Amino acid sequence: MTAHLRRLSRALGLVVVLVFALTACIQSDTTENTVYSDPSAAPDFDLPDDPRVVALGWSDGEIALSLGVKPVAIYDWMSFGAENKGVGEWAAAEFGTDTPEIIPAASAGEFNYQQISEMNPDLILNVRAADDSAVTQSLREIAPVVTAPAGTPDYAINWQLQTQLIAAALGRTDEGDAQVAETTDLQDTLREQNPDFAGKTFVWGAKFGEAYGAYLPGDARFDTVAELGFVQFPPVADLDAQGFFASVPVERVSALDSQVAVFAPIGMPLAQLQNDNLINSLPVVRDGRAIELAETDPIVQGMSAGTPESLRFALERLTPMLAEATGRVQ
């Protein structure tokens, strides 16, 4: 081998070594940003005045919006659509002329981390979400992440704590406290205006396919109505629970026969609920003490969204219906 070829060979070898070294550095340089999940502590990250927020958790984006921060992207869990900017009709106008990137619900809870990274977020909200450490680890390699406290059941963080966490992370604790207070003040007012609600048993039931279910304490649908003075119908507490929802076997459908009830279908037209023989056999339905709402009804959507703003929207419309139903209780 000539001297020239030997020098060329050594040079090529050095290039290969450098390429491998750089590749190793790139692959190992995965930043682990802060994960914030404790509202009693201050977050240890600094955000710009107008942070780029990617909201992945259920209603996380809507809460940020109510605090004056417009997310650059929202995971549209409830399929509100681009026309509503990924939030409920009660909140869409708060975006003004801005439009977030919509991550469609068809993604079925799977995140495209490359897509999220390309959004260049300053903060990722994944609060009302599944408790998945692998997801959190992947997200924190992109930006600081806000999650529910460890051990919180999937999607079951209560709306007050969800709001407090997001507000603290965004440096808007006062705005978050104001949102919570406005909703709890409305609940207090409605409870005082409707003393007949006190102690009446209540169920928020559902029909899906050929099955039935009931929402439990810990879910905004039940908790928000309970704050008006209603109490859980005892047979529901004896059902098998999965997080904030209990399945109701056909042979135990009488567990839905409380003094007052709200029924809504899941994944089917309202007519299939209204024409259900078992539901119609319940005295609460026969006596006109049940409120039946479509899955797309704004009241149902507001309760499902479970934000301070959406709950106020739903309560103002639902409470007169509850008063009418309660008036029929013997």
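Along the sequence shown, residues are numbered consecutively beginning with 1. Keep in mind it's a predicted model, so treat the numbers as computed, not measured.
Distance alone, capped at 3.5 Å, is enough to place a donor-acceptor pair between the Asn158 side chain and the Gln160 backbone. Remark: the backbone N or O of Gly86 is not paired with any side-chain donor or acceptor of Trp77 at under 3.5 angstrom. Asn33 places a side-chain N or O within donor-acceptor distance of the main-chain N or O of Arg140, the cut-off being under 3.5 Å. Side chain of Asp154 to backbone of Asp131: a donor-acceptor contact under 3.5 angstrom is found.
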| query | For Leu161 and Leu165, what are the C-alpha separation, side-chain angles and deciding distance, and is it a side-chain contact (heavy atoms from CB on, under 4.5 Å)? | reply | CA-CA 6 Å; Leu161 182 54; Leu165 276 167; 4.2 Å; yes
| said: Between Val284 and Leu256, does the side-chain contact (heavy atoms from CB on, under 4.5 Å) criterion hold? Intermediate values first, please. | reply: CA-CA 8 Å; Val284 67; Leu256 300 175; over 6 Å; no
| task | I would like to know whether Leu322 and Asn194 meet side-chain contact (heavy atoms from CB on, under 4.5 Å); could you show each step before the answer? | result | CA-CA 9 Å; Leu322 292 170; Asn194 295 277; over 6 Å; no
| said: Checking Gln114 against Glu118 for the side chain to side chain donor-acceptor pair (under 3.5 Å) test, could you report, in this order, the C-alpha distance in whole Å, the side-chain angles of both residues, the deciding distance, and whether it holds? | reply: CA-CA 6 Å; Gln114 180 64 34; Glu118 290 173 357; 3.0 Å; yes
| request: I would like to know whether Phe222 and Phe202 meet side-chain contact (heavy atoms from CB on, under 4.5 Å); could you show each step before the answer? | output: CA-CA 8 Å; Phe222 178 87; Phe202 173 78; 4.1 Å; yes
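A donor atom on one side chain and an acceptor atom on the other are found under 3.5 Å apart for Asp60 and Gln162.
Using the six-membered ring where Trp is involved, Tyr215 and Phe244 have ring planes that are parallel, under 30° apart on the 30 and 60° scheme. Taking the six-membered ring where the residue is Trp, Phe45 and Tyr36 present perpendicular rings, their angle passing 60° and hence far from 30°.
At a threshold of 4.5 Å between non-hydrogen side-chain atoms, the residues Leu186 and Leu311 do not count as touching.
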For residues 275-282, run the donor-acceptor check on the side chains, cut-off 3.5 Å, and write out each pair with its distance to 0.1 Å, sequence neighbours left out.
residue: Asn275; atom: ND2; partner: Ala271; partner atom: O; Å: 3.1
residue: Asp276; atom: OD1; partner: Tyr212; partner atom: OH; Å: 3.0
residue: Asp276; atom: OD1; partner: Leu278; partner atom: N; Å: 3.0
residue: Asp276; atom: OD1; partner: Ile279; partner atom: N; Å: 2.8
residue: Asp276; atom: OD2; partner: Lys207; partner atom: NZ; Å: 2.8
residue: Asp276; atom: OD2; partner: Tyr212; partner atom: OH; Å: 2.8
residue: Asn280; atom: ND2; partner: Gln274; partner atom: O; Å: 2.8
residue: Asn280; atom: ND2; partner: Asp276; partner atom: O; Å: 3.2
residue: Ser281; atom: OG; partner: Leu278; partner atom: O; Å: 2.6

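The stretch residues 299-309 participates, sequence neighbours left out, in these side-chain hydrogen bond (donor to acceptor under 3.5 Å, both in side chains) pairs: Glu62-Thr307, Thr307-Ser310.
Hydrophobic clustering places Met119 together with Tyr113 (ILVMFWY residues linked when any side-chain heavy atoms are closer than 4.5 Å, directly or through intermediates).
In this structure, the ring of Tyr75 has its center less than 6.0 angstrom from the ring center of Phe111.
Not counting sequence neighbours, Pro195 has no partner by the side-chain contact (heavy atoms from CB on, under 4.5 Å) test.
A salt bridge does not link Glu316 to Arg312: none of the charged side-chain nitrogens sits closer than 4.0 Å to a carboxylate oxygen.
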